[in-house]
Amino acid sequence: MKLVYEGKAKRVYEGPEPGRVRMEFKDSATAFNGQKRAEIAGKGVVNAAVSARLFQWLGDQGVETHYLATVDDRQLDVEQLTMIGLEVVVRNRVAGSLHQRTGLAEGTPIAIPVVEFYYKNDALGDPLLNDDHIRLLGLASPDLVARLKQEALRINQLLSAFFQDRQLILVDFKLEFGWNPNGELKLGDEISPDTCRLWDEATHERLDKDRFRRDMGGVEDAYQEIYRRVMA
Ligand code: ADP
Ligand code: UDP
């Protein structure tokens with residue numbers, strides 16, 4: 001199949017039919033805008049399975065996603081989307097860049113979830129944007145920004161409950177949206193331990209990519225633990 005894009009974590013192939021693409025999940029991991037790189041054994045398999053499970057489950061709850069079918073243990077077929085050039089981040093607890101920007105202690109619960117938009121632009125290091133910046137760049141209209149925020153908050157409610165049932169705290173996560181060939185807004189990309197912070201409810205042990213970002217060890221085991229709990 002024709003490779004149309006190779007990113008840091010996935011390869012995207014032209015689909016078996018027009019309007020479809022095949023996403024292949026790699027074991028490669030990057031952090032800090034690509035400055036840190038490694039292979040995490042089995043990560044691609046975990047991220048493909050977890051993403052498929054979450055897209056299917058969100059679909060059952062009425063969320064429009066790009067997911068179509070699982071091809072094998074690393075490949076999913078999805079609707080081809082024209083991606084909106086924004087990363088939508090939702091936060092239920094302080095961590096990562098919010099901790100760095102505000103000085104609030106990591107783990108501080110956030111009563112009303114915080115939604116942030118980042119510019120998908122590797123050359124600029126994916127900077128944080130406000131509504132006016134998004135308008136200035138022509139990335140989305142104010143109406144679309146409001147819609148993306150509402151949709152991200154609904155997905156947050158659903159996913160938080162899904163993970164809570166599995167003794168996991170959904171600390172924060174990143175979503176990407178796009179338009180399918182029929183002009184419908186769909187949730188795209190992936191939902192995985194690469195794109196979510198997930199803490200064990202009892203111990204607050206980090207079971208996500210932070211183990212890699214911070215050289216905490218036990219990276220492979222953390223991904224396998226998420227696989228076990230999500231697929232159970
Ligand atoms: P990056 O581009 O950040 O290195 P990846 O390695 O995950 O990230 O590459 C996957 C690329 O595919 C991303 O640019 C993402 O926006 C894009 N993408 C995700 N879902 C779809 C889709 N359904 N159709 C087309 N492109 C998609
Ligand atoms: N995130 C992501 N891709 C990015 C940046 C962030 O999936 O390019 C996710 C990250 O895993 C976390 C959330 O978005 O769950 C918030 O990340 P943060 O802004 O704290 O950035 P970080 O310091 O982790 O890069």
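Just so you know, ligand 1 is whichever comes first in the structure, and atom 1 is the first atom listed for that ligand.
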For atom 6 (C) of ligand 2, state whether the nearest protein heavy atom is under 4.0 Å away. no
Within the structure, does Glu116 bring an N/O atom to less than 3.5 angstrom of an N/O atom in ligand 2? no
Distance-only N or O hit between ligand 2 and Asp210, under 3.5 Å: no
Looking only at heavy atoms of Asp194, does any of them come nearer than 4.0 Å to an atom of ligand 2? yes
Selection from Arg213, Arg101, Lys120 by shortest heavy-atom distance to atom 25 (O) of ligand 2: Arg213
For ligand 2, is Arg197 a contact, meaning one of its heavy atoms is under 4.0 Å away? yes
Taking the non-hydrogen atoms of Phe32, is any one of them nearer than 4.0 angstrom to ligand 2? no
Contact between Arg91 and ligand 2, counting heavy atoms under 4.0 Å? yes
Calculate, to the nearest 0.5 Å, the distance between atoms OH and NZ belonging to Tyr227 and Lys43 respectively. 16.0 Å
For atom 23 (N) of ligand 1, which of the options Glu176, Glu79, Glu24 provides the nearest non-hydrogen atom? Glu79
Looking only at protein heavy atoms, which one is nearest to atom 10 (C) of ligand 1, and what is the separation? Lys10 CE, 3.8 Å
Cluster overlap Tyr13 with Met23, hydrophobic side-chain contacts below 4.5 Å: no
